[in-house]
J.: 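Got a structure here, written out as structure tokens. Questions coming.
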Amino acid sequence: TSPTTAATYTTSSSNVALTGVASDDSGISRVKWTTDKGQVGEAVGTTAWSIPAISVALGTTNVTVTAHDNSGNTSSVALTIVYADSSKPAVKIYTPTTASSLTTSSSTLTVAGTATDNVGVTQVSWATDRGASGSAFGTGSWSTPSLSLAAGTTVVTITARDAAGNSGQATITVTSTAKETSAVKPPTPASNGAPSSTSQRVESASGYEAAEPSTNEAPAAPPVVRIL
């Protein structure tokens, strides 16, 4: 039989075609096939027979091919098909560009695209070379949330995974020319009119000078004296 004469066949395809031969002294009337998953069918041909395609799920599928002769006798052969998914998902970026690099004056970016796999994509995630990461929205058609861009170059990597753990990636290099805003120190509040304390030199009765604080206030009015 083809694709193998062994009892077990390992494939990375979800569809398997079988071919083989059958012989009998009274002649072969028909060849049928069944699987342990409930599938049944009739092969094309008798002494040289073929099964164009058997759909197999991930894991193991047991196929039995049975030949019937013209006298009603039967004979069978079995094949165990092991479907091991080794195909990586394919990831494509369409937004903001299909090119591998982009220069923008914006400080934010949303990336979107598609991911395909021979079995199915189960998860799409994103990460940057600056340490940010997260999950994208969707799988077959996906998009990231709005990503913050620092001034300079940022590499964004999109990773798609399937149920077997295979992963595929696509990257885009984004250069942001947005200027970073610097913190502005607030001005020092103006004086609220409170009196300032200054020193004023006065001469004491002992002959030395001492400093007294001054509040810059106007001098008090002198007393009023009257002679009646």
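The figures that follow rest on heavy atoms only: side chains count, while hydrogens, waters and symmetry mates do not.
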J.: Is it true that Thr159 and Gln169 share a donor-acceptor pair across their side chains at a distance under 3.5 Å?
T.: yes
J.: Answer with yes or no whether the side chains of Thr154 and Arg130 bring together a donor and an acceptor at under 3.5 Å.
T.: yes
J.: Quick one: does Ser29's side chain have a donor or acceptor within less than 3.5 Å of a partner on His68's backbone?
T.: yes
J.: Run the numbers on Thr11 and Ile81 for side chain to side chain contact (heavy atoms under 4.5 Å, CB included), then give the verdict.
T.: CA-CA 7 Å; Thr11 179; Ile81 300 174; 4.0 Å; yes
J.: Do any N or O atoms from the side chain of Asp117 and from the backbone of Val121 form a donor-acceptor pair under 3.5 angstrom?
T.: no
J.: List the steps, then state whether side chain to side chain contact (heavy atoms under 4.5 Å, CB included) holds for Thr177 with Thr103.
T.: CA-CA 7 Å; Thr177 59; Thr103 299; 4.0 Å; yes
J.: Hey, can you pull the donor-acceptor pairs under 3.5 Å for the side chains in residues 55-62, sequence neighbours left out?
T.:
from  : atom 1 : to    : atom 2 : distance (Å)
Ser55 : OG     : Asn15 : OD1    : 3.1
Asn62 : OD1    : Thr80 : OG1    : 2.9
Asn62 : ND2    : Asp36 : OD2    : 3.2

J.: Residues two or more places apart in sequence or in another chain: which of them pass side chain to side chain contact (heavy atoms under 4.5 Å, CB included) with Ser14?
T.: Tyr83
J.: Show me the donor-acceptor pairs, under 3.5 Å and distance only, between side chains in residues 104-113 and residues at least two apart or in other chains.
T.:
from   : atom 1 : to     : atom 2 : distance (Å)
Thr104 : OG1    : Ser106 : N      : 3.0
Ser106 : OG     : Thr108 : N      : 3.1
Ser106 : OG     : Thr108 : O      : 3.0

J.: For residues 84-101, which side-chain donor-acceptor pairs fall under 3.5 Å, sequence neighbours excluded?
T.:
from  : atom 1 : to     : atom 2 : distance (Å)
Asp85 : OD1    : Ser87  : N      : 3.1
Asp85 : OD1    : Asn118 : ND2    : 3.3
Thr97 : OG1    : Ala99  : N      : 3.1

J.: Among the clusters formed by ILVMFWY side chains lying less than 4.5 Å apart, do Leu79 and Val16 turn up in the same one?
T.: yes
J.: Using the side chain to side chain contact (heavy atoms under 4.5 Å, CB included) rule, take Val63 and Ile54 through it: C-alpha gap first, then chi angles, then the decisive distance, then the call.
T.: CA-CA 9 Å; Val63 181; Ile54 299 175; 3.8 Å; yes
J.: Run through the side-chain heavy atoms of Ile, Leu, Val, Met, Phe, Trp and Tyr, join any pair under 4.5 Å, and report what else lands in Val155's cluster.
T.: none
J.: State the CG-CH2 distance between Leu18 and Trp33, to the nearest 0.5 angstrom.
T.: 9.0 Å
J.: Ser2: what forms a side chain to side chain contact (heavy atoms under 4.5 Å, CB included) with it, not counting sequence neighbours?
T.: Thr19
